[in-house]
Amino acid sequence: MSKIAVMSENLANKIAAGEVIEKCSSIVKELVENSIDAHASNITINLIKGGLSKIEVIDDGEGMDKTDAKLAFQRHATSKIHRDEDLFFINTMGFRGEALPSIASVSEVLLTTSDGQDSTEIHIKGGKLLSEQSGPLRVGTSITVTNLFYNTPARLKYLKSENTETYNSVNLVQKLALAHPQIKFTLTNNNHLILKTTGSNNLLKTIHEIYGLNISNKMLEFKASSNDFDIYGYICKPEILKSNKNDLNTFVNDRIVKNIELNRAINDAYYTYKPEGKYPVVILKINTDPTLVDVNIHPTKQDIKLSKIDDLYNLIYETIKNTLYNNLLIPNALKDQSVNIIKDNVLAEIVEKMAQTETKESVQTELDFKIEEENKEVTSEVIPNKSMKSLMLYPVGLALGTYIIAENDEGIYLIDQHAAQERINYERYMKALREKSLSITSLLIPITLELTASDYLIIKEKLPILQEIGIEMEEFGINTYLVKTHPTWLKTGYEEESIRKIIDLLISGLNNFDPAKFNEKIAITLACKMSIKANYHISHEEQEELLNELVLCDNPYNCPHGRPTIIKFSIYDLERMFKRVMN
Ligand code: ZN
Ligand code: ZN
């Protein structure tokens, strides 16, 4: 190669590096994905200062011979592509074939690799070969990256603080471990162990190793297929919620992906099981024909486009919804104390802390990462499909005018009477609103409804919408309507109030009016309005009726705003609290 050609190639590498290495974890990702492609079963990632000082990835994969090792540092060397489907991910998932040369052009790289036959050690700095010699005969590859961006200081300032860089890598390795539960991952920063999975090939066990027992114990398994997609994974019970979408872990053909539609399907399936703006922990694995994965997306993003996304949306939505529906989801009042919560939550705390500092960018103090070897066995039996509908709840009384105390042979329950009735009413109204043949009450004496002049005029245009849901109104003098019919489900004695509420909702939602959303809003608003408030003492019979109706709901666990309706103190919890049992 002529000198000029070499220079331009090096320049191209530097440009590519600037584009694709946005953070230390971009390098970690490329190196670890190479290890995965080399069929490693053990991958260790050692960072110093979150990767700012050093990134080291050691694997026990197939390793390379001398020729391949040198080829790996040339642009577009594709010797590492083993699987057909990788070709579809080249453009979407990273800069494969350009990874090592790009990294080596802006840093110092030491590669040691052996395929068992021979062993090679290559030392490169700024794209220039410093040395090449034989190395130790350990099968596998080890790559160390130091002095990142030493020759392009302008890029260096794009890197974030140590905490943020560490956080990004922890986050990435967690997802890689979930994508590949058969691989043992170890991640350290400044010689402190942060993350370790055992490569058990058991997804639930991997979830446990990453999230701890408190979360892994509350996961529900799911599995489903359509013509084009197989989905499998775990969702958490709605009592576990996070304030960001980071734990919506989605994978297509074992690759980490981010996709708005996938997140939307998950979020929609949890509708009313959780408040808006809170997100569950989900591990969703999608397998599909790689040709359905669109490649036309920016290389550094994990975003993808999928053909037949509507089919996939429905499959995910229905499957998660049914999984929630088919499981008993009453949260325990007490945290599970049989496990060491602190130990389990060490990583979660670090990650959360770092997520916070990420946005603050304040003075960074060094976080000390400590995680002990976890010996606890994960309980991997699937939670029995117990439906709430068979649950008997016997009211004992009402506390604070707000909470019904109930019991059965499993323990004591506290039920928020407002939230519970809100749920019952909500489902009743939704059902009535969805019904094809509306049940309508004709009023012998019409209700006179006086509105403001502006509301009167707006509604004049929208009378057909109201008629759709059973409210027939007729103009009657100045700013006044006569209501001649209303849907039968309106609570007796509250008809006028309800109709006024519905009119308010109609007016407030007029820009981009959506009938489904309108119905939803009516059901939620009226359910809240028409439900018993706190500090209202209901009789024993009324309590009984409320509980009987609650257990028959599709989602008896949450009010339509996603707040819990019921919590449980199991007999075991009570015995532990009263020290009747000592473990
Ligand atoms: Zn309410
Ligand atoms: Zn509510």
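In listed order, ligands and their atoms are each counted from 1.
- For H418, every N, O or S atom stays at 2.8 Å or more from the Zn ion (ligand 2).
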Legend entry - From CA spacing to verdict: side chain to side chain donor-acceptor pair (under 3.5 Å), Y279, N263: CA-CA 10 Å; Y279 303 94; N263 286 355; over 6 Å; no

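- The N, O or S atom of H561 with the smallest distance to the Zn ion (ligand 2) is ND1.
- Salt-bridge check for K568 with E410: passed, with a basic side-chain N closer than 4.0 Å to an acidic carboxylate O.
- A salt bridge links E496 to R500: at least one charged side-chain nitrogen sits closer than 4.0 Å to a carboxylate oxygen.
- Residue-level check: among N/O/S atoms of E422, OE1 sits closest to the Zn ion (ligand 2).
- Under a 4.0 Å N-O distance rule, the pair R423/E427 qualifies as a salt bridge.
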